[in-house]
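Remember, it's 1-based here, ligands and their atoms both numbered in the order they're listed. Not measured: the values here are computed from a predicted model.
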Amino acid sequence: MNAPQEQVIKMYAKREEIYPREIDGRYARLRWLFVWLTQLAFYCTPWLQWNGRQALLFDLTTRKFYIFGLVLWPQDFIYLAALLIISAYLLFLATAIAGRVWCGFACPQTVYTEIFLWIERKIEGQRSARIALDRQPPSLRKYAKKSAKHLAWGAVALWTGFTFVGYFTPITELMGEVVTLNFGPWEWFWVLFYGFATYGNAGWMREQVCKYMCPYARFQSSMFDRDTLIITYDSQRGEPRGPLSKNTHGNGGSCIDCSLCVQVCPTGIDIRHGLQYECIGCAACVDACNNVMDKTGQARGLIRYSTERAMEDHMTPTEIRRRAMRPRVKIYTAVLGLIVLATCSALFLRTPLKLDVIRDRGSMGREVEDGMIENVYRLQIMNTSEKAHLYKIAVGGLPTLAQATADHVMVEATETKAYPVRLRVAHGTGQTGSNKIQVTLTAVDDPSLHVKESAVFIVPR
Ligand code: SF4
Ligand code: SF4
């Protein structure tokens with residue numbers, strides 16, 4: 001009997017350079033549409049103005065998030081959490097229906113790799129020219145091309161880092177600091193860090209990020225089922241593969257073994273071997289194969305979007321679409337709809353005024369002139385609107401309760417004000433110890449803008 005063969009499985013395979021061939025087709029155009037939309041949104045949004053300030057700004061110094069007409073404070077963290085939950089749910093829903101559609105079309109790693117590849121092609125040429133250039137011995141021409149490419153990549157990466165920081169520091173101020181090279185240490189750090197990450201991930205690492213670093217790639221397969229759309233090679237139709245001369249004589253399958261589907265693949269895999277975890281669902285191989293089918297006069301769709309069930313049961317596109325709305329997808333959609341509805345309602349009903357009533361613990365209730373009992377408080381007033389308001393302070397909950405301080409306070413737009421107030425009751429009012437009272441704040445120019453908070457009034461023995 002033969003001894004069992006020892007097999008070595010490598011945890012990390014040495015990287016082989018991939019030179020994806022440029023491809024034109026429906027999905028390539030769709031991907032470029034996403035590149036334009038996402039990058040226009042990313043690079044332009046920080047420059048938009050709203051009410052004389054940056055429309056979208058996550059101001060960490062003052063801990064206020066400006067989102068067009070909305071100003072969120074640390075107390076509004078729930079809305080940001082809801083936004084993250086909605087984004088995650090959208091991703092889950094898209095994955096359950098169309099597999100790695102996010103990875104293939106909209107993920108920043110895919111989008112920046114596409115931009116960096118475009119620069120590479122413009123400078124070094126198409127696939128064969130790039131392979132030839134890399135195999136050439138060092139020369140002035142080779143260094144010139146490589147330097148030009150890295151300079152262009154570096155410029156895009158630094159501008160990306162600068163734009164990223166512009167979401168946290170007003171970008172017009174940042175621009176002024178660029179001109180005078182007067183960046184603060186944190187701004188330098190984040191511009192360089194984000195720029196370096198973009199340069200490294202899209203220029204050098206590319207498919208390695210998807211294969212080894214991306215956590216989402218690891219667990220998204222748990223959201224797949226037999227009705228999830230995946231990129232599939234129709235082996236029943238394609239095999240036995242062989243040269244065109246053999247196939248057109250009716251002895252072979254539709255695949256003419258041109259290897260174009262492998263040459264265009266950004267992760268360098270052969271989809272004809274079946275679904276592999278490296279496949280990011282970019283559909284470049286679908287475009288490549290459809291072009292080949294057109295040229296050879298065969299029906300498109302040898303490589304196509306389909307589902308595991310559809311391949312086994314020979315389902316039609318209509319049947320595939322019908323299966324897409326399965327219970328799991330309906331549940332995801334319903335939960336997502338509920339979260340969106342709840343978040344929008346909460347935002348719509350949100351009062352742009354917050355009040356905390358903090359009793360001065362240093363001074364318990366004390367007797368003052370005329371035998372009155374006095375308690376001291378600090379009102380923490382947050383005007384979260386973008387307009388200054390004069391507020392009227394009203395108190396209630398105990399007979400004879402009155403204010404010994406001014407009962408109007410002005411708070412500027414998006415400001416927090418700490419306002420001390422002294423409240424008094426006549427001797428003999430309330431019970432000894434704690435008495436519940438209410439403090440109400442009402443905007444003078446808009447009585448619908450009001451907030452009420454409870455507090456405790458201490459009557460000493
Ligand atoms: S592109 Fe189509 S025909 Fe060419 S090798 Fe791939 S599957 Fe076969
Ligand atoms: S196999 Fe096709 S869909 Fe998958 S990554 Fe490669 S080219 Fe994209």
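Neither the backbone nor the side chain of Ile303 comes within contact range of ligand 2; no heavy atom lies under 4.0 Å. The residue Arg241 has no part lying near ligand 1, judged by heavy-atom distances below 4.0 Å. For Ile231, every heavy-atom contact with ligand 2 shorter than 4.0 Å involves the side chain, none the backbone.
Here Tyr391 and Tyr419 keep their ring centres 6.0 angstrom or further from each other. The six-membered or imidazole ring of Phe77 lies away from that of Phe65, with a centre-to-centre distance of 6.0 Å or more.
Given atom 5 (S) of ligand 2, the protein heavy atom at minimum distance is Ile280 N, 3.4 Å. In this structure, atom 6 (Fe) of ligand 2 lies nearest to the protein heavy atom Cys265 SG, 2.3 Å. In this structure, the protein non-hydrogen atom closest to atom 8 (Fe) of ligand 2 is Cys282 SG, 2.3 Å.
Between the side chains of Ser254 and Arg237, at least one donor N or O lies within less than 3.5 Å of an accepting N or O.
Of all protein N/O/S atoms, those under 2.8 Å from atom 4 (Fe) of ligand 1 are Cys258 SG, and waters are not counted.
Just one of Leu57, Thr45, Asp59 meets the side chain to side chain contact (heavy atoms under 4.5 Å, CB included) condition when paired with Tyr167; it is Thr45.
The existence of a salt bridge linking Arg328 and Asp227 is excluded, since no basic side-chain nitrogen approaches an acidic carboxylate oxygen closer than 4.0 Å. For the pair Asp134 and Lys145, the salt-bridge criterion is not met [side-chain N within less than 4.0 Å of a carboxylate O].
Near Arg272, the atoms of ligand 1 lying under 4.0 angstrom from a non-hydrogen atom of the residue are 5 (S), 7 (S). Using a 4.0 Å cut-off to heavy atoms of Ala283, the atoms of ligand 2 that qualify are 3 (S), 8 (Fe).
Within the 4.0 Å heavy-atom cutoff, Val264 does not count among the residues contacting ligand 2.
Nearest residue to atom 2 (Fe) of ligand 2 from Cys279, Gly268, Cys285 is Cys285 (criterion: closest heavy atom).
Arg326 pairs by the salt bridge (charged side-chain N to carboxylate O under 4.0 Å, His left out) definition with Asp225, not counting sequence neighbours.
Using cut-offs of 30° and 60° for the angle between ring planes, the Tyr43 and Tyr112 rings count as perpendicular.
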